[in-house]
Asks: 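Please find one structure pasted underneath; my questions will follow.
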Amino acid sequence: MSTPVESVGLDAPVREAAEQMQRMRIGDVFVVDEAGELRGIVTDRDLTVGVIAEGRSLDTSVEQIMSPVAATVPSTATVSRCSRADATA
């Protein structure tokens, strides 16, 4: 069984990300570019600290507040491979 991954585009407003998180009852969404490549993640904490606490508009793009993705590896990667990916990211 697999669960679909929720995502938004780089230029999506944070309001859209927050609404998607509420609708899906999740705490984060992935951020992808036009080619569908993973570029970051927006978490409920990013929304709290990066938008609410800083008084930003809900029309702010998710790209401005997202946490960038450091490294990715295939699901079949060994622990050793993951360690090397993290060190080179």
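All figures in this text were calculated on a predicted structure; none of them were measured in a lab.
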Asks: Test of understanding: with side chain to side chain donor-acceptor pair (under 3.5 Å), list the residues that count as partners of Asp28, not counting sequence neighbours.
Replies: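 Side chain to side chain donor-acceptor pair (under 3.5 Å) check on Asp28 returns nothing, list empty.
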Asks: Going by the rule side-chain contact (heavy atoms from CB on, under 4.5 Å), which residues pair with Gln22 if we only count those two or more places apart in sequence or in a different chain?
Replies: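 Applying side-chain contact (heavy atoms from CB on, under 4.5 Å) to Gln22 gives none.
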Asks: Clusters formed by hydrophobic residues whose side-chain heavy atoms approach within less than 4.5 Å: which one holds Val14, and what are its other members?
Replies: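 In the cluster with Val14 are Val8, Leu10, Met21, Met24, Ile26, Val29, Val31, Val42, Leu47, Val51, Leu58, Val62, Ile65, Met66.
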Asks: Does a sphere of radius 6.0 Å around CZ in Arg45 hold more than 12 heavy atoms from other residues, nucleotides or ligands, not counting ones at 6.0 Å or beyond?
Replies: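 No, because the 6.0 Å sphere around CZ of Arg45 holds 12 heavy atoms or fewer from other groups.
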Asks: Could you report the tightest heavy-atom contact between Ile41 and Val69, atom names first, then the distance?
Replies: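 Taking every non-hydrogen atom into account, N-CG2, 4.4 Å.
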Asks: Please confirm whether the backbone N or O of Gly50 pairs with a side-chain atom of Asp46, one donor and one acceptor, at under 3.5 Å?
Replies: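 Checked: no pair found.
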Asks: Would you compute the distance between atom CD of Gln64 and atom CD of Glu54 and round it to the nearest 0.5 angstrom?
Replies: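 Result: 10.5 Å between the selected atoms.
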